[in-house]
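Worksheet: the structure to be examined is printed underneath.
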Amino acid sequence: YKKFAKQPYIKDDELYQIGVKMKSGEGEERNLRDTFLMFKKASAGGHEEATKELVEYYLQGGCEKDLAKAAIFGDSKLKLEIGKKMEKEG
């Protein structure tokens with residue numbers, strides 16, 4: 001998957017699908033960091049489902065926990081929830 005994902009012509013949906021397969025470990029060993037990067041690339045191209053996956057990674061900290069980035073990519077309800085959480089954490 002990694003070799004395929006580095007192709008310059010790959011579409012956002014293909015990147016997302018690769019990420020989904022990598023997340024589940026289909027075809028190769030499960031690798032959360034590479035999965036995160038696939039979702040990040042697909043999200044940058046405007047893929048909505050990839051953006052949702054990316055937000056989950058930022059919220060849960062699978063690779064990179066960052067509530068501020070999760071808020072940037074999330075919807076308004078999520079932004080409000082994150083704001084409240086950040087306020088409590090200081």
- line: Value for OH (Tyr58) from CD (Glu53), rounded to nearest 0.5 Å, stands at 13.5 Å
message: To the closest 0.5 Å, what do you measure between OH (Tyr16) and CG (Leu54)?
response: 12.0 Å
message: Contact between His47 and Asp13 at the side-chain level, heavy atoms closer than 4.5 Å - yes or no?
response: yes
task: Determine the minimum heavy-atom distance between Asp12 and Lys41, stating which atoms define it.
output: OD1-O, 4.1 Å
query: Of all heavy-atom pairs between Ala42 and Ala50, which one has the smallest distance, and what is that distance?
result: CB-CB, 3.5 Å
- request: Check for a donor-acceptor pair, side chain of Gln60 on one end and backbone N or O of Tyr57 on the other, with a separation under 3.5 Å.
  value: no
- line: Value for CD (Glu49) from CZ (Phe39), rounded to nearest 0.5 Å, stands at 9.5 Å
field: Nearest-0.5 Å distance, CE of residue Met22 to CG of residue Leu32
entry: 9.5 Å
message: Taking the side chain as everything from C-beta on, heavy atoms only, tell me whether Leu59 gets closer than 4.5 Å to Glu56.
response: yes
message: Working to the nearest 0.5 angstrom, can you tell me the gap between Arg30 CZ and Lys23 NZ?
response: 7.5 Å
field: Rounded distance [0.5 Å steps], CD1 in Ile18 versus CG in Leu37
entry: 12.5 Å
